[in-house]
Colleague: 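Quick one: structure below, then a few questions.
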Amino acid sequence: MIRHDSRRAVVNRFPLATAEMVMVKLRTFGFLAVVLVGLLFSSCAAHPRRGAISGAAAAGAAELNITQDIIPPGNCGRPLHRPMRPTFITIHSTDNTSRSANALNHALAMNKGLRGRHNRTGFLTWHFTVDDHSIYQTLPTNETGEHADYEGEGNRSSIGIEMCVNRGNNLDITIDRTAQLTARLMRQYDIPLDHVVPHMHWRMIRYSDNRDLGFKKCPRILLDGGRLGPKWSAFIAQVSFYAR
């Protein structure tokens, strides 16, 4: 009440200035109204562009930043040169939930020699390892790895990509970055979408004793109850989006 009374006293003291003040306020209000309307329309115009970007695209907007840490020729998993013309891309997940089992440490392990039984080289090798902030390449993409089916078509014809599942790693981002990498490799080698396959696509017959191990349930994080389902379909949709 006291504040209200004091305002009235000020107005009564300057009755001639009131009309001019009202006109100034109206002009100011009109100018601000024009500015606000302009901002409203500009912001409305921007929203559809943001909305058109899917969650996958937004999460994967950052550069992939692939680090090459290629196993030296003749060392460990590269005892001899085994050329390959890639026509498939095989997707894996590591199943290693140890906090330290990120892309860097998998690359270091392969460079030191990641032992694998019953295959031709005695070591496990694949081409790329992906986590939520990095991608490491350990094999040239035109060289056979040991990641899918011992000496079968999976190894002889496909680029192997492993996704990390270590504690603290964001799986959604890891999957999205894997989709981006897959799309890039598809374009580079003219690989069709139906040649992007899970590890379980390849029947595993051991090189050392020809034992049939069937189909490995991998990549586990993209399977539904051990089978291909909505998770795998969603991943393929992400790959298709980035391959456009």
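By convention here, the first residue in the shown sequence is residue 1. Side-chain atoms are counted along with the backbone in the values below, which use heavy atoms only and exclude waters and symmetry mates.
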Colleague: Give the cluster check for Leu171 versus Phe128: same hydrophobic cluster or not, with ILVMFWY residues linked at side-chain heavy-atom distances below 4.5 Å.
Modeller: yes
Colleague: If you apply the rule side chain to side chain contact (heavy atoms under 4.5 Å, CB included), what do you find for Arg184 with Ile66, and how did you get there?
Modeller: CA-CA 12 Å; Arg184 180 182 294 188; Ile66 299 171; 3.7 Å; yes
Colleague: Same cluster or not: Tyr136 versus Ile161, using hydrophobic residues (I, L, V, M, F, W, Y) connected whenever any side-chain heavy atoms lie under 4.5 Å apart?
Modeller: no
Colleague: Can you give me the closest heavy-atom contact between Met200 and Leu223, atom names plus distance?
Modeller: SD-CD2, 3.6 Å
Colleague: Should Ile89 and Tyr189 be marked as a side chain to side chain contact (heavy atoms under 4.5 Å, CB included) after you check the CA-CA gap, both sets of side-chain angles, and the distance that decides it?
Modeller: CA-CA 10 Å; Ile89 299 171; Tyr189 292 103; over 6 Å; no
Colleague: Verify the cluster assignment for Phe235 and Leu185: are they in a single hydrophobic cluster under the rule of side-chain heavy atoms below 4.5 Å apart?
Modeller: yes
Colleague: Strictly distance-based, threshold 3.5 Å: is any side-chain N or O of Thr174 a donor or acceptor partner for the main-chain N or O of Asp132?
Modeller: yes
Colleague: Between Ala148 and Trp202, what is the shortest heavy-atom contact and its length?
Modeller: CB-CD1, 3.8 Å
Colleague: Under 3.5 Å, side chain of Asp149 to main-chain N/O of Met204, donor-acceptor pair present?
Modeller: no
Colleague: Would you check if Asn169 and Asn102 make a side-chain contact, meaning some heavy-atom pair closer than 4.5 Å?
Modeller: no
Colleague: Any sub-3.5 Å donor-acceptor pair from Asp224's side-chain atoms to Lys231's backbone N or O?
Modeller: yes
Colleague: Checking Ser134 now: which residues fulfil side chain to side chain donor-acceptor pair (under 3.5 Å) with it, not counting sequence neighbours?
Modeller: Asp131
Colleague: Look at the side chain of Asn119 and the backbone N and O of Phe123, then say whether any donor-acceptor pair between them is shorter than 3.5 Å.
Modeller: yes
Colleague: What distance separates Ile159 CD1 from Ile91 CD1, expressed to the nearest 0.5 Å?
Modeller: 10.0 Å
Colleague: Using 30° and 60° as the class boundaries, would you call the ring planes of His106 and Trp126 parallel, tilted or perpendicular?
Modeller: tilted
Colleague: Taking the side chain from Gln137 and the backbone from Leu139, do they hold a donor-acceptor pair closer than 3.5 Å?
Modeller: yes
Colleague: Let me check something: do Leu108 and Leu124 share a hydrophobic cluster, defined by ILVMFWY side-chain heavy atoms less than 4.5 Å apart, either directly or through other members?
Modeller: no
Colleague: Sort and list the pairs that fulfil salt bridge (Lys or Arg N to Asp or Glu O under 4.0 Å) and have at least one residue in residues 185-203, not counting sequence neighbours.
Modeller: Arg203-Asp212
Colleague: Between Thr87 and His195, what is the shortest heavy-atom contact and its length?
Modeller: O-ND1, 2.8 Å
Colleague: Look up atom CZ in Arg156 and atom OG1 in Thr144, then write down how far apart they are to the nearest 0.5 Å.
Modeller: 8.5 Å
Colleague: Is there a donor-acceptor pair under 3.5 Å between the side chain of Asn155 and the backbone N or O of His147?
Modeller: yes
Colleague: Apply side chain to side chain contact (heavy atoms under 4.5 Å, CB included) to Asn111 and Thr138, showing your working.
Modeller: CA-CA 8 Å; Asn111 270 273; Thr138 43; 4.1 Å; yes
Colleague: Taking all heavy atoms of Val196 and all of Met186, pick out the closest pair and write down the distance.
Modeller: CG2-SD, 3.7 Å
Colleague: Are Ile191 and Val239 co-members of a hydrophobic cluster defined by side-chain heavy atoms under 4.5 Å apart?
Modeller: yes
Colleague: Kindly determine whether Ile205 and Tyr150 satisfy side chain to side chain contact (heavy atoms under 4.5 Å, CB included), including the steps that lead there.
Modeller: CA-CA 7 Å; Ile205 299 178; Tyr150 300 97; 5.8 Å; no
Colleague: Looking only at heavy atoms, what is the nearest atom pair of Arg177 and His133, with distance?
Modeller: NH2-C, 3.3 Å
Colleague: Taking the side chain as every heavy atom from C-beta outward, state whether Ser158 and Val197 have any pair of such atoms under 4.5 Å apart.
Modeller: no
Colleague: For the pair Asn96 (side chain) and Cys164 (backbone), establish whether a donor and an acceptor sit closer than 3.5 Å, ignoring hydrogens and angles.
Modeller: no
Colleague: Any side-chain to backbone donor/acceptor pair from His127 onto Gly160? Under 3.5 Å, distance only.
Modeller: yes
Colleague: For residues Thr182 and Tyr242, determine if any side-chain heavy atom of one lies less than 4.5 Å from a side-chain heavy atom of the other.
Modeller: no
Colleague: Might you point out which heavy atoms bring Met110 and Ile71 nearest each other, and give the distance in Å?
Modeller: O-CD1, 3.7 Å
Colleague: If you look only at pairs with a residue in residues 69-95, which of them pass as a salt bridge (Lys or Arg N to Asp or Glu O under 4.0 Å), with sequence neighbours excluded?
Modeller: Arg78-Glu143, Arg82-Glu146, Arg82-Glu151, Asp95-Arg220
